[in-house]
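Structure record follows, encoded as structure tokens.
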Amino acid sequence: VNSISDGGGGGGGGNGNSLYLFSVLRDGLSYLAACPSCMGGAGVGQREIPPLLVIEFLHKIADTFVLYFGDPADESAVKDNFSTAYQLLEEMVDHGWPLTTEPNALTDLIRPPTVMAKIQQAMTGGSSSILSDALPTGTVSNMPWRKAGVTHPNNEIYIDIVEEIDAILSASGGIISSDVSGSIQAQSNLSGVPDLLLTFNDASLIDDCSFHPCVRYTRFDRDRVVSFVPPDGPFELMRYRVSKSADQQRSNNLAVGNMPLQVIPRVSYGKFGGERGANVGGRISLSVTARSISSLIYSSSRKGPLLIEDVTVVIPFPKFVRTVNLNVTTGQVIYDEAGKIAKWNIGQLDEKKRPQLNGTMVLEEDEEVMASSSTPVSGEEQPPLLVNWKILLASVSGLNVSGLSVTGEHYKPYKGVRNITKSGTFQIRCT
């Protein structure tokens, strides 16, 4: 969040002419919002705009783009569906304030892009084909998040308990800091107006919760159960943090058992190739291993050895590196010359695999003297690695669903629940 002051007032944001610039980075796109420092303009009753309101709304726009354009909703996806993106912003924002943000209401107003819709739009020469003349069915309802008259041939609901690990690890694999946040993602395909009740095996693990508007918060505050009428389709039911007592136990477990994934980087700069004809540059090597002995709690339905999925390593290089030459034993590595970032896609990883990356770096001419004198590169100039991974049927806190009941309808739906542990901001320091 940055402050822009008009007329040399500085960046403090104390006067009415200041603007706060909020930014959210998702899928390589920056979502920006310029907001005045005070709501309502000059006069009595001024108050600052809530920062979390703006940040949450920007994330909601990004989530809506993913719903309409697919994942990832990157630059090319927005360019290909620019008219739909423009119409979405028209409906979601009214005179600078959030208006319609529920996916079910938006899909009633603006049809998601399809191949037939694009053909029709090209033939008519306009964007009217994606708009609907009817108001959303939930506009005058006390449940604006759910459509009226929903029917499905197969009634089913799927719930994922997703826990993300944010961690900073040293070059030797030691844990410098770690934190866990969780969310419950749901996919509801239920007919009519079902009333659901979700219970947990140990609700004391949950703390600092935020809920979807469909959740009856007073019921959760009283009984520690989640009672709700779900929206139709995919939605995030709630977010939570692990309670302090459980978080302390988790930290102790992580310190003893370490992470399920270990990345050991080795980066050096200097002269290579002997005294005669030595080249000034750098070398980098990475080794990635899976650890079955970790603090994760696995579901009883999990069978077989540890399997880590969607493993990728993002390697940012310092600005003084001109180019690199990388080789890997597993997967594929792609180097972006302009951004000086390499992305190593490993895919699935188990205990038997030992992926290795080795490479050399060519430095800019101004940095060759520094490297030849064996002066170590500072930690600020050597960015940390970013690692992404996912493990199915595993959790850190041990939170699980003990029951999911459906009332208000006569059918018996299929119910599926699973745990997922994945990386959040998972950084590996190189020095």
Checking [Y] against [X]: is there a side-chain donor and acceptor pair closer than 3.5 Å?
X: Ser191; Y: Asn155; answer: yes
X: Ser181; Y: Arg241; answer: no
X: Ser395; Y: Thr421; answer: no
X: Asn189; Y: Gln187; answer: yes

Strictly below 4.0 Å, N to O, side chains only: are Lys79 and Glu75 in salt-bridge contact?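 Salt bridge between Lys79 and Glu75, a charged N being under 4.0 Å from a carboxylate O: yes.
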Could you check whether Arg239 pairs with Glu236 (Lys NZ or Arg NE/NH1/NH2 to Asp/Glu carboxylate O, under 4.0 Å)?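 Between Glu236 and Arg239 there is a salt bridge, with a charged N closer than 4.0 Å to a carboxylate O.
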Passing option when [X] is tested against [options] for side-chain contact (heavy atoms from CB on, under 4.5 Å):
X: Trp389; options: Ile165, Val288, Thr312; answer: Ile165
X: Phe69; options: Thr84, Asp27, Asp74; answer: Thr84
X: Asn400; options: Asn201, Asp202, Ile297; answer: Asn201

Going from CG on Leu393 to NZ on Lys303, what distance comes out if it is rounded to the nearest 0.5 angstrom?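 It is 11.5 Å, given to the nearest 0.5 Å.
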Applying the salt bridge (Lys or Arg N to Asp or Glu O under 4.0 Å) test to Asp160, which of Lys422, Lys390, Arg418 qualifies?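 So, applying the salt bridge (Lys or Arg N to Asp or Glu O under 4.0 Å) to Asp160 and each of Lys422, Lys390, Arg418, only Arg418 qualifies.
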Ignoring hydrogens, what is the shortest heavy-atom contact between Leu261 and Phe426? Give both atom names and the distance.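 Scanning both residues, the minimum pair turns out to be O-CZ, 4.5 Å.
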Proximity of His212 and Phe235 rings by center, below 6.0 Å: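 Yes.
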Do [X] and [Y] have side chains that get closer than 4.5 Å, going by heavy atoms?
X: Val401; Y: Thr199; answer: no
X: Ile315; Y: Leu357; answer: yes
X: Tyr240; Y: Ser183; answer: no
X: Met143; Y: Pro231; answer: no
X: Leu349; Y: Pro355; answer: yes

Does Asp221 form a salt bridge (charged side-chain N to carboxylate O under 4.0 Å, His left out) with Arg216? I'd like the steps, not just the answer. CA-CA 9 Å; Asp221 194 32; Arg216 302 178 179 97; over 6 Å; no
